[in-house]
Amino acid sequence: MKNRASWMLAAVPLVFLLALLVAPALRLLAEGGQLSVWEPLQDSYLRWRLGWSFFQAALTCVLALALGLPVAWVLARFEFDGRAVVLHALMLPFVVPTLVAAMGVLALMGPQGVLRAMGGPDLQGSPWLLIYGNLFFNLCLVVRAAVEALGQVSASRVAAARTLGATAWRVFWRIEWPSIAAWLMSALCLVFLYCFSGFGLALVLGGQEYATVEVEIYTLVAHELQLAQAGSLALWMLALTAVVALAYAATERRLSTPARADAVTRRRPQGWHQWVSLWGALTVLVLFCAAPLLAIVWRAAAAGGPAWSALLDDATLAALWNSLRFTALAVALATGLGLAHALAARQSLWLRTLAFLPFVVSPVMVAFGLLLLYPQWTASFGLLVCAYALLAYPFVAKSLAAGLDSMPAHLAQAARTLGATPWHVFWRVTLPMLRPALRRGMAFAAATAVGEFAVTLFLSRPEWATLTTLVYAYLGRPGTANRDAALVLACLLMALALLAFALIEWSAPASPQQPRSSTGGTAGHLARELKRA
């Protein structure tokens, strides 16, 4: 009976994935005719695109680990004023739309950026713009994961090692590193997926020479109609990202232990070297996570009143309304799909892995596949909202899956022992404990929908232009006025994404650090809840 219920739950997201992701991808591959799977390796140009895409993603992972791990250790071990604000703000770069992130990098390091005006080098046409953009977008993921992992390290083991004469460095390598390695591997898998299959950053920052495979697929399909080559590239993308996604899903299952009761106690920095390490960590976060956002605000403020008048244009107001309604509908649909998928995949690794298919398959590939598979629904409102939900619901499913993994099994068992039906157990026990995870997943889903760019570029009609497509349109027009208007709209788009995150994530109650250790206390609490039901 339990397996039957799980399959009924799984049927909803699986049918959605089949109709909106798998079938369109296969349709695009079939359109390409006879595919030459080995062509990307035989053609020097396509081989360079594949190699560069892999290299920039791998290099970003290495740099994110080298920069993020020391920063995370400082945040996890030291107590200081404003620490909670810093931890909350860590995820803000990640929820900023990719187009805004790219504009922030250009506003900071581009030909007319802040650093260039101060006498810095011109990095236009170099690969470092894209690498820096990747770090801005993903460093916070590594830091946040490492902070959470370090919070799981046993204080008793650390104290025992220090008592036996181990140095702080030896304690880290022998005690802390083995405890956090799986967490870091999980975060780095996600960083690799984002960098390898990213589209917006590579489109704006990569240029012609350093374009990634995603941009190449878009160029082959949209401008050259070379569907066979695009299909062969898409197959290689699918194979490589599928391996990484499977490794990520397998690693996630190892992180299901509840928070330890003997976590290492944070302390105030003591001595000049600890204060230097703290300020160094904060400086790294400012340089890589805050500087591009501040550069956008600075450049937009310097643009003057005429640029800010773009906020009152009819096109801007219409794009704002479209962004808001598409986001609201997509988050509602993504929440239902993510909840069903997480509940069904609780004991299944392959079902859990399927939740990451929207990250594995190219969004450009999906967009053109949808156009080919459903020509009668081209540019329809329903298809566009479903495409938004497709890209957003993995965040809900991932967050809920992690919440279910960390939920003690004896709570549901105690409720069933007291006579609760499966529905009462879900409504009174499971869902209240999942609420922080659900709200966190909805926060990322909302931020993803607000800044969605790749699919919108191809599936929306002119009257359904969103803020992202309007910003891209301004960037494609010559002249300083259009560039300044794009910066102003980027500020608006950034504010919306941050507001969506703040309303859901910052207001979410903190999850309990440790479940009740007394079975009697837990049973008594459940009995009161079930009596109220």
Side-chain angles (χ1 to χ4, degrees), residues 56-94 101 105 108-109 128 131-155 157-159 161-162 166-192 194-195 248 251 255 259-260 263-294:
Q56 57 91 25
L59 179 60
T60 301
C61 290
V62 173
L63 293 177
L65 179 63
L67 292 170
L69 185 55
V71 171
W73 194 92
V74 169
L75 296 180
R77 296 292 179 252
F78 293 152
E79 185 65 52
F80 55 93
D81 297 335
R83 179 180 179 275
V85 176
V86 173
L87 290 179
H88 279 298
L90 275 176
M91 299 310 295
L92 296 184
F94 180 70
V105 174
L108 179 67
M109 307 174 70
W128 297 111
I131 298 299
Y132 180 83
N134 287 339
L135 286 173
F136 162 78
F137 215 30
N138 296 287
L139 179 63
C140 56
L141 279 177
V142 177
V143 174
R144 186 76 176 256
V147 169
E148 190 173 354
L150 287 166
Q152 310 294 318
V153 176
S154 173
R157 295 186 62 192
V158 172
R162 296 304 300 270
T167 63
W169 182 252
R170 192 172 184 83
V171 168
F172 173 79
W173 280 113
R174 293 301 181 96
I175 305 297
E176 294 179 316
W177 174 255
S179 300
I180 68 176
W183 294 76
L184 292 174
M185 180 60 66
S186 174
L188 291 176
C189 286
L190 207 55
V191 170
F192 186 90
Y194 290 147
C195 296
Y248 174 75
T251 307
L255 310 179
R260 287 184 175 271
V264 178
T265 303
R266 294 186 300 273
R267 64 186 186 278
R268 298 278 301 179
Q270 298 177 356
W272 66 268
H273 60 286
Q274 292 187 358
W275 281 106
V276 168
S277 64
L278 174 59
W279 284 109
L282 296 179
T283 300
V284 169
L285 292 179
V286 169
L287 291 178
F288 286 92
C289 299
L293 303 182
L294 297 176

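Separation of atoms CH2 (Trp128) and CG (Leu135) is listed at 9.5 Å; rounding is to 0.5 Å. Distance CG/Leu141 to SG/Cys189: 12.0 Å, rounded to 0.5 Å. Note that the CH2 atom of Trp272 and the OG atom of Ser277 stand 10.0 Å from one another [nearest 0.5 Å]. Between Asn138 atom CG and Thr60 atom OG1 the span is 7.0 Å, to the nearest 0.5 Å. Considering CG of Leu278 and CD of Glu79, their distance stands at 10.5 Å, rounded to 0.5 Å.
Side-chain contact between Leu293 and Phe136 is present, with heavy atoms from C-beta onward closer than 4.5 Å. Residues Asn134 and Val191 fail the side-chain proximity criterion, which asks for heavy atoms closer than 4.5 Å.
The two atoms that bring Ala145 and Trp183 nearest to each other are O-CE3, 4.1 Å, heavy atoms only. Taking both residues in full, the closest heavy atoms of Ala146 and Leu184 are given as CB-CD2, 3.6 Å, listed atom of the first, atom of the second, then distance.
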Next item on the list: Report the C-alpha separation of Arg268 and Trp275 in whole Å, then their side-chain angles, then the decisive distance to 0.1 Å, and conclude whether the side chain to side chain contact (heavy atoms under 4.5 Å, CB included) test is met.
Entry: CA-CA 9 Å; Arg268 298 278 301 179; Trp275 281 106; 3.9 Å; yes
Next item on the list: Under the side chain to side chain contact (heavy atoms under 4.5 Å, CB included) rule, what do Leu108 and Tyr132 come out as? Steps first, then yes or no, please.
Entry: CA-CA 11 Å; Leu108 179 67; Tyr132 180 83; 3.4 Å; yes
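Dense packing is recorded around CH2 of Trp177, with more than 12 heavy atoms of other residues, nucleotides or ligands lying under 6.0 Å away.
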Donor-acceptor list for residues 61-78 side chains, cut-off 3.5 Å, not counting sequence neighbours:
residue	atom	partner	partner atom	Å
Trp73	NE1	Glu176	OE1	3.1
Arg77	NE	Glu176	OE2	3.1
Arg77	NH1	Leu150	O	3.3
Arg77	NH2	Leu150	O	3.3
Arg77	NH2	Glu176	OE2	2.7

